[in-house]
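The block underneath contains the structure these notes are about, expressed in structure tokens.
Atoms within each ligand, like the ligands themselves, are counted from 1 in listed order.
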Amino acid sequence: LPVKVYGERRYLEYQATWWPESAVQAVIAIQRRFRPRPSDVLLASYPKSGTTWMKALVFAIMSRKVYPLRDHPLLRLNPHDCVVHLSGAYATGKEAVVEALPSPRIMAVHMPFSTLPASVVVDSSSGCKIVYVWRDPKDVLVSLWHYYRKLRPEEAHVSEFHDLYESFCQGDTVFGPWWDNVLGYFRASVEMPTRVLFLRYEDMLEDTASAVVAIANFVGCPFSAEEERAGVVDAIVKLCSFEELKNLDTNMSGSNGHLIKLPSSSYFRKGVAGDWVGHMTREMADRIDSIIQGKFQGSGLEIKRAS
Ligand code: A3P
């Protein structure tokens, strides 16, 4: 497989996607052996696009009948300890853990849609649902840069924002090109709206309650009128808010498929839209926007250009 080396890290190209070296075998195993159940919900995203938040929201929505919100696991446990990461689980030999999860299972992936197992994308009888979240790529890039700095502070090159920026513009960052990751799920959501829900991080920030209602309807757990009157939607919004979750440290024992234990600040940094302003010049922002606009052309998906 083609290899790219960035400092200590090696990326491999497999099925037109760049993967961390540790993920490729896991992805192949998932493609061969993962069997979706009709009740499964896959949370898909490009890294740093709101995965942690989505894990919390979907877990809270789907488990609200099991765990009362006033005594919910998310009051004590980081979302990463509540929802399994599929390729991490396969990479760490925890395939059996995934198999043993009771239904309905919630699992997260960063795999592009085109690389999901045929059992998920082709076999419509599996009925497995996918919730995808995407985010302004400029903020994804900034968030990724901060994440890498925490992950591998010893690697000088990743402290150079400009290097990561260039890789991103070339489509060379992990699980990417970013635009292919986003477009694959967008197209799937247009073709199969009952199977793929496509949400934008910035819209969720603006109106989280509407996103919660949309997710609940999509995954087949709509709120009853009684629940709405009792303020359950708002309670879920609060339970999963940045402020409430940010201090929950991660256990990340490995059972949920995490390869490394990272501090909570790796997943909760600022949680806002537009932080790119403090990290790149106007020209750099315009260049990303034009690249993405070109890639999105004709797809029906639009990126809001920086004003
Ligand atoms: P920033 O680095 O811009 O702050 P992921 O979960 O996919 O790794 O994405 C991490 C990003 O989502 C980080 O962005 C993080 O702060 C933000 N985030 C995490 N939890 C959030 C929440 N409850 N609400 C809004 N943003 C959140």
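The one candidate from Arg195, Arg35, Arg105 that meets the salt bridge (Lys or Arg N to Asp or Glu O under 4.0 Å) condition with Asp40 is Arg105.
Neither the backbone nor the side chain of Ser45 comes within 4.0 Å of ligand 1, counting heavy atoms alone. The part of Arg135 lying near ligand 1 is the side chain, judged by heavy-atom distances below 4.0 Å. Neither the backbone nor the side chain of Ala56 has a heavy atom within less than 4.0 Å of ligand 1. Contact annotation: for Tyr147 versus ligand 1, there are no heavy atoms closer than 4.0 Å. Contacts of Ser143 with ligand 1, taken as heavy-atom pairs under 4.0 Å, involve both backbone and side chain.
Taking any N or O of Leu205, backbone or side chain, none lies under 3.5 Å from an N or O belonging to ligand 1. At least one N or O atom of Cys240, backbone or side chain, sits closer than 3.5 Å to an N or O atom of ligand 1. Between Arg269 and ligand 1, at least one pair of N/O atoms sits closer than 3.5 Å. Of the polar atoms of Thr52, at least one N or O is found under 3.5 Å from an N or O of ligand 1, judged by distance alone. At under 3.5 Å, a nitrogen or oxygen of Gly50, whether backbone or side chain, sits near a nitrogen or oxygen of ligand 1. In terms of N/O distances under 3.5 Å, ligand 1 is not approached by Pro47.
Closest protein heavy atom to atom 8 (O) of ligand 1: Lys48 NZ, 2.9 Å. Scanning all protein heavy atoms for the shortest distance to atom 24 (N) of ligand 1 gives Trp53 CD2, 3.3 Å. In this structure, atom 7 (O) of ligand 1 lies nearest to the protein heavy atom Thr51 OG1, 2.5 Å.
Taking the six-membered ring where tryptophan is involved, the planes of Phe268 and Phe242 are perpendicular, since the angle between them exceeds 60° and thus also 30°.
Annotation for ligand 1: atoms under 4.0 Å from non-hydrogen atoms of Phe268 are 16 (O), 19 (C), 20 (N).
Remark: among candidates Tyr267, Phe242, Tyr201, Tyr46, the nearest residue to atom 26 (N) of ligand 1 is Tyr201, based on non-hydrogen atoms.
Annotation: side chain of Phe198 is not in contact with side chain of Val190 (no heavy-atom distance under 4.5 Å). Residues Phe161 and Leu141 form a side-chain contact, since some pair of their non-hydrogen atoms from C-beta on lies under 4.5 Å apart. For the pair Trp19/Met111, a side-chain contact is recorded, criterion being any heavy-atom separation below 4.5 Å from C-beta on. Under the 4.5 Å side-chain criterion, counting only non-hydrogen atoms from C-beta, Pro112 is in contact with Thr17. Side-chain contact check for Val58 versus Val83: every heavy-atom pair is 4.5 Å or farther apart.
Looking at Asp180 and Arg187, no side-chain N of the basic residue comes within less than 4.0 Å of a carboxylate O on the acidic one, giving no salt bridge. Electrostatic pairing of Lys138 and Asp289 counts as a salt bridge here, judged by a charged N lying under 4.0 Å from a carboxylate O. At a threshold of 4.0 Å, the pair Glu244-Lys238 counts as salt-bridged, since one of the basic side-chain nitrogens sits closer than that to a carboxylate oxygen.
By the 4.0 Å heavy-atom criterion, His146 is excluded from the residues contacting ligand 1.
Closest non-hydrogen pair, Trp145 versus Glu160, comes out as NE1-C, 3.9 Å.
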